[in-house]
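Sequence lines set the chain letters: A, B, ... in the order given, protein chains first and strands last, and positions in each chain run from 1. In this text, all values refer to a predicted model and were calculated from it rather than measured experimentally. When reading the values below, keep in mind they use all heavy atoms of this one structure, side chains included, and skip hydrogens, waters and symmetry mates.
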There are 2 protein chains.
Amino acid sequence: MSESDLPGSQGGETLLFLTDDQLRQGIEAMFFAYRGFTADPDRILQNYSYGRAHHRALHFINANPGTTVNNLLAILGVTKQSLNRVLRTLIEDGLVQSNVGRSDKRERNLHLTEKGEALEQELSNAQRVRMRAAYRQAGPEAVQGFKRVLEAMMDPEMRRIYTKMRETR
Amino acid sequence: MSESDLPGSQGGETLLFLTDDQLRQGIEAMFFAYRGFTADPDRILQNYSYGRAHHRALHFINANPGTTVNNLLAILGVTKQSLNRVLRTLIEDGLVQSNVGRSDKRERNLHLTEKGEALEQELSNAQRVRMRAAYRQAGPEAVQGFKRVLEAMMDPEMRRIYTKMRETR
DNA sequence: CATTTTAAGTCAGCCTTGTTGACATTCCAA
DNA sequence: TTGGAATGTCAACAAGGCTGACTTAAAATG
C-alpha cells in the first residue's frame with residue numbers, strides 16, 4: 001500500500017502551502033516586490049525623460065547585441081509600433097545604433113553605443129544593488145527557490161526565451 | 001571586472017550567487033514572470049473593459065473590507081485622482097459600495113458588492129491557478145525562498161503594509 | 001468659537017506606453 | 001517575376017499614470 005494518495009505529495013515533497021490565503025499572499029508579494037524592483041531605475045530614468053520602455057529596450061539590446069527588431073518584439077511582447085517609438089528616440093539620442101543586416105538587408109541589427117552602454121550600466125547597477133541586498137538577506141537557498149518559482153510562473157514561450165538567453169551567456 | 005574572491009560570505013551562509021550575470025538573470029526572471037503573473041487576469045478584464053488598475057482596487061478592497069480611500073492610496077501608491085477614476089467606475093457599475101464613515105464622516109468605507117466579489121473571485125481564481133501550478137512545480141522549499149526574496153526586495157514602507165495585511169488575516 | 005487641517009472628490013490638462021489599421025518600401029525566395 | 005516577410009511610418013485612440021487648483025465637509029486644535 002503506497003502513500004501516494006496524499007494530496008500534493010510528489011517527488012519527495014511533503015506538504016504544499018496551497019491554501020487560498022497562502023496563494024493570495026504570494027500574489028501580493030509579487031505586486032509589492034515588483035514595485036520595489038522597478039523603483040530605482042524609474043527614478044534614474046526621470047533624469048533623462050525616459051520611461052520603463054526605454055529601459056527594457058536598453059536592457060535586452062545589451063543582453064543580445066546585434067539582435068533584430070523582430071527578435072526584440074518577441075522578447076518584449078509589445079507591438080512593432082510601440083517598440084518603434086521608443087527605439088527611434090534611443091537612436092536619435094545616440095544610445096542605440098541600428099545597422100542594416102549583412103545577410104538580410106531587411107533586418108536591422110541593434111547595438112548599444114558607448115552612451116547607451118553607460119545609461120544601461122547606470123540603470124542595471126541600481127537594480128542590481130537592490131537585488132544583491134535582497135539575495136543576501138534571503139540567503140542562497142531562497143534565491144534558488146525564488147528563481148524556480150519565477151520560471152514556473154512564466155508563459156512557456158517566455159520561459160523558452162528566458163532559458164535561451166541564459167544559455168547563450 | 002570580478003568581485004571579491006569570497007563573495008557574500010556572511011552569517012553562516014556559504015556561497016551567494018552574486019555575479020552580475022546571476023543578478024541579471026534574476027532581473028530577467030522577474031520581468032518575464034511578472035508578465036505571466038498578470039496575463040490571465042488581463043485577458044479576463046478585457047471582457048469587462050476594465051484594466052489592471054481595476055483589478056488592483058478590487059483585490060485590495062476584498063483583502064481589506066471597509067478600508068478607506070486614503071488607506072487604499074497608500075497601498076496602491078498612485079495619486080488620488082488616478083485611483084478615483086477607477087473607483088468611480090467600479091461604484092457606478094455596482095461592484096464597489098462606498099459608505100460614509102460612522103466615527104469619521106469624512107471617510108468612505110469601501111466594500112465589494114456581490115457583483116464585485118464575483119469578478120474578484122474570477123480574477124484571483126485565474127491568478128491562483130497559475131500560482132498553484134508554479135508552486136507545485138517548484139516545491140515547498142522553493143516557495144519559502146520565493147517569498148523571502150520578494151519580501152526583501154520591497155521598499156520598507158511596502159513591506160510594512162504587506163506584513164500588516166498578512167497578519168490581520 | 002474660530003481657525004486650521006484632513007479626507008474625499010472633481011476638473012482640466014499633460015505624458016507614457018500600450019493598442020489598431022492602413023500603407024510604403026525593401027528584398028528574399030519560390 | 002511575383003508573393004510574402006521584415007521593417008518602418010502615419011494617424012488615431014485608450015488606459016492609467018501625473019500635476020495643479022479647487023470645493024465640500026468634518027474633525028481637530030488653539
Asks: If you measure from CG on Asp21(A) to CD on Gln25(A), what distance do you get to the nearest 0.5 Å?
Replies: 7.5 Å
Asks: Take the angle between the ring planes of His55(A) and His59(A) and call it parallel below 30°, perpendicular above 60°, tilted in between.
Replies: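 Rings of His55(A) and His59(A): perpendicular, as their planes differ by over 60°.
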Asks: Can you see if the side chain of Asn70(B) gets near the phosphate of dT6(C) - specifically, an N or O under 4.0 Å from OP1 or OP2?
Replies: no
Asks: If we only count heavy atoms from C-beta on, is the Lys147(A) to Gln22(B) side-chain gap below 4.5 Å?
Replies: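 Side chain of Lys147(A) against side chain of Gln22(B), heavy atoms only: contact under 4.5 Å found.
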Asks: Glu157(A) and Arg160(A): salt bridge (charged side-chain N to carboxylate O under 4.0 Å, His left out), yes or no, with the steps?
Replies: CA-CA 5 Å; Glu157(A) 173 63 7; Arg160(A) 196 189 63 75; 3.1 Å; yes
Asks: Between Arg108(B) and Ser98(B), is there a donor-acceptor pair closer than 3.5 Å when you use the side chain of the first and the backbone of the second?
Replies: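 The answer is no, because no donor-acceptor pair under 3.5 Å joins these two groups.
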Asks: For the residue pair Tyr162(B) and Phe32(A), categorise the inter-ring angle as parallel (less than 30°), tilted (30 to 60°) or perpendicular (more than 60°).
Replies: perpendicular
Asks: Does a side chain donor of either Tyr48(B) or Asp93(B) reach within less than 3.5 Å of an acceptor in the other side chain?
Replies: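 No donor-acceptor contact under 3.5 Å links the two side chains.
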Asks: Short of 4.0 Å, heavy atom to strand atom, which residues of residues 31-52 of chain A count as contacting DNA chain D?
Replies: none
Asks: Hey, are Arg128(A) and Asp20(B) close enough for a salt bridge, meaning a charged N less than 4.0 Å from a carboxylate O?
Replies: yes
Asks: Verify the contact: side-chain N or O of His54(B) to OP1 or OP2 of dA15(D), cut-off strictly under 4.0 Å; return yes or no.
Replies: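 So the side chain of His54(B) is outside the cut-off, no N or O lying under 4.0 Å from OP1 or OP2 of dA15(D).
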Asks: What do you reckon, is CD of Glu114(A) surrounded by more than 12 foreign heavy atoms closer than 6.0 Å?
Replies: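 No, because the 6.0 Å sphere around CD of Glu114(A) holds 12 heavy atoms or fewer from other groups.
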Asks: For Phe146(B) and Tyr135(B), take the angle between the two ring planes, folded into 0 to 90°, and tell me which bin it lands in: parallel under 30, tilted 30 to 60, perpendicular over 60.
Replies: perpendicular
Asks: Round to a whole Å and report the spacing from NE2 of His55(A) to P of dT17(C).
Replies: 12 Å
Asks: What is the distance, rounded to the nearest whole Å, between atom CG of Leu73(B) and atom P of dT19(D)?
Replies: 12 Å
Asks: Which of residues 75-94 of chain B sit near DNA chain D, with a heavy atom under 4.0 Å from it?
Replies: Gly77(B), Val78(B), Thr79(B), Gln81(B), Ser82(B), Arg85(B)
Asks: Strictly below 4.0 Å, heavy-atom distances to any atom of DNA chain D: list the hits from residues 95-110 of chain A, or just say none.
Replies: Arg106(A), Glu107(A), Arg108(A)
